[in-house]
Amino acid sequence: MSRTLRLDRNIARPDDLYDRLAAMLDGLDAAEREIRMNKLILLLANHVGDQDVLYEAIARARAPRVAKVKD
């Protein structure tokens, strides 16, 4: 398993994913949106499973500006 965060584009249809994420949160109040997003993050983190990669993602997400995704 790779021990570095993958930054190249790896989603075949990113617009479809964005639409699904938006639909998941549609109509919810701020507290429920936060709960749903946290649940999604934990599910995906469990799927990734590599804590080094997850820690790198956390550090990048925490930074004021996230690195541009490579095409």
Side-chain angles (χ1 to χ4, degrees):
M1 180 181 292
S2 173
R3 297 195 64 82
T4 59
L5 184 63
R6 185 173 181 170
L7 296 177
D8 59 311
R9 184 166 289 158
N10 191 34
I11 298 171
R13 295 180 316 278
D15 291 340
D16 292 346
L17 176 60
Y18 181 86
D19 290 344
R20 291 247 182 150
L21 288 170
M24 178 183 80
L25 303 174
D26 190 39
L28 302 176
D29 64 28
E32 189 61 30
R33 281 194 305 270
E34 185 174 348
I35 290 168
R36 296 276 172 92
M37 289 303 290
N38 287 336
K39 286 170 64 175
L40 179 61
I41 289 165
L42 291 172
L43 287 165
L44 293 172
N46 184 67
H47 178 75
V48 170
D50 186 319
Q51 282 190 252
D52 290 338
V53 170
L54 294 168
Y55 292 161
E56 183 181 350
I58 290 168
R60 286 180 177 273
R62 186 177 179 152
R65 191 166 215 196
V66 177
K68 183 179 186 293
V69 174
K70 300 175 194 172
D71 288 320

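This is a predicted model, so every value here is computed, not measured.
- Residues meeting the salt bridge (Lys or Arg N to Asp or Glu O under 4.0 Å) test with D19, sequence neighbours left out: none.
- Alongside Y55, the hydrophobic cluster contains I58 (criterion: ILVMFWY side chains under 4.5 Å).
- Under the 4.5 Å side-chain heavy-atom criterion for Ile, Leu, Val, Met, Phe, Trp and Tyr, L44 and M37 are members of the same hydrophobic cluster.
- Residues forming a side chain to side chain contact (heavy atoms under 4.5 Å, CB included) with N38 (at least two apart in sequence, or on another chain): E34, I41.
- Taking CD1 of I35 as the start and CG of L25 as the end, the distance is 12.0 Å to the nearest 0.5 Å.
- Residues passing the salt bridge (Lys or Arg N to Asp or Glu O under 4.0 Å) test with R13, sequence neighbours excluded: D16.
- Between the side chain of E56 and the backbone N or O of L5 there is at least one donor-acceptor pair closer than 3.5 Å.
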Next on the checklist: Set out, in order, the CA-CA distance, both residues' side-chain angles and the distance that settles side-chain contact (heavy atoms from CB on, under 4.5 Å) for R6 and V53, then state yes or no.
Outcome noted: CA-CA 9 Å; R6 185 173 181 170; V53 170; over 6 Å; no
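- Judged as a side chain to side chain contact (heavy atoms under 4.5 Å, CB included), and not counting sequence neighbours, the contacts of L17 are I11, L21.
- Contacts of E32 classified as salt bridge (Lys or Arg N to Asp or Glu O under 4.0 Å), with partners at least two apart in sequence or in another chain: R36.
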